[in-house]
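Keep in mind that the numbers below use all heavy atoms, side chains included, and drop hydrogens, waters and symmetry copies.
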2 protein chains.
Amino acid sequence: MTEGPRRQTRQRSAVLALLDDQDGFRTAQDLHALLRERGDAVGLATVYRALQALLDDGLVDVLRTEGEAAYRRCSPVHHHHLVCRSCGRTVEVADPPVERWAARVAAEHGFADVQHQLEVFGTCAACAAR
Amino acid sequence: MTEGPRRQTRQRSAVLALLDDQDGFRTAQDLHALLRERGDAVGLATVYRALQALLDDGLVDVLRTEGEAAYRRCSPVHHHHLVCRSCGRTVEVADPPVERWAARVAAEHGFADVQHQLEVFGTCAACAAR
DNA sequence: AGCGTTCATGGGAATCATTCTCACAGATGC
DNA sequence: GCATCTGTGAGAATGATTCCCATGAACGCT
């Protein structure tokens, strides 16, 4: 999963820095447009490559719902997200019980080398008020 | 989510019948090819429309991982999947604890109208043996 | 059964995200 | 500074999904 050594370039730093400023999940296309606005333009293909690399290194999370994939900067430890359906705001949450539950259920069915992905969607307080 | 009344057509029945015969998740393209082999051909666009309708009615589950979406016939009650990474075989599992956990965590952060999606991936016993 | 309305179909074009190609630029190591 | 080798970028290519629209088939009614 973690690939060999990465070369540090202006473009990769730009993508990561931009992600740090974002609150919720952003698509590759969004990031590309934002970078262009911001002044330090990066090729679209490069944005995709940078995101793939960051994903391999566990520095971003990906969310594939409808159509396009969305990325978000995240802590490198395992966790899940609470995502607002309407504004995209996200909260990282840990879930010890689910970890154990997943491992147990998988074992019961003879599955090994287990991973899981869990996303919780809802409407956040701010959006519900509207 | 559940749309208006649906018209019952040969094509929709064919898609649903085919899904009933499948074991794991299948992409729309796969289903289209299988239907063609089987004799009762259905247009690709129609396969997509049928799957979308079935999805709205809660009769199939969708899995969006890499590239294309995969669909599978499922029971209409809420549940999750244990999916073999290598052969695609799936097992439906219920998870009362996660339900409660998700609801509680969401409430703590002021989120309402909560939904969640959880998939567990692993290598099934048969595939691990190889 | 006949009929009209309305929704579904299909095939090819259109869309859209993502990946590939390849010549060139820049990072890294010495 | 230099050689090497990976990263970049623009556009083409790919591939899944959706749109368009003329034709066909359900459904409700009589």
Flag, side chain of H80(B) to backbone of Q117(B), donor-acceptor distance under 3.5 Å: no
Between P of dG15(D) and NE2 of H32(B), the distance in whole Å: 16 Å
Gap between atoms CG and C1', on D40(B) and dT9(C) respectively (whole Å): 14 Å
Between Q11(A) and R49(A): side-chain donor-acceptor atoms closer than 3.5 Å: no
Whole-Å gap separating P (dC16(C)) and CZ (R64(A)): 20 Å
Nearest-Å distance for atom pair CG/C1', residues L51(B) and dT9(C): 15 Å
First of Q8(B) and A50(A) reached from the 5' end of DNA chain D, by closest nucleotide: A50(A)
Of the listed nucleotides dG9(D), dT17(D), dG10(C), the one nearest the side chain of T46(A): dG9(D)
Side chain of Y48(B) (C-beta onward), nearest among dT28(C), dT8(D), dT18(D): dT18(D)
Between P of dT17(D) and CG of L31(B), the distance in whole Å: 11 Å
Nearest non-hydrogen partners of L19(B) and Y71(B), listed with the distance: CD2-O, 4.1 Å
No-H, no-angle donor-acceptor pair, R49(B) side chain to dG10(C) base, under 3.5 Å: yes
Spacing of Q29(B) atom CD relative to dG11(C) atom P, expressed in whole Å: 15 Å
Minimum-distance nucleotide (side-chain atoms of A45(B) versus dA8(C), dG10(C), dA27(C)): dG10(C)
Spacing of L44(B) atom CG relative to dC19(D) atom P, expressed in whole Å: 14 Å
DNA chain C: 5'-proximal contact among R10(A) and A28(A) (nearest heavy atom): A28(A)
side-chain N/O T9(A) vs dT8(D) OP1/OP2, d < 4.0 Å: yes
Q11(B) CD to dG24(D) P, straight-line distance once rounded to whole Å: 13 Å
Sub-4.5 Å side-chain heavy-atom contact between C124(B) and H109(A): no
V60(B) versus L51(B), closest heavy-atom pair with distance: CG2-O, 4.1 Å
Side-chain-base donor-acceptor pair under 3.5 Å for R7(B) and dC7(C): yes
Any N/O donor-acceptor pair, R6(B) side-chain to dC7(C) base, under 3.5 Å: no
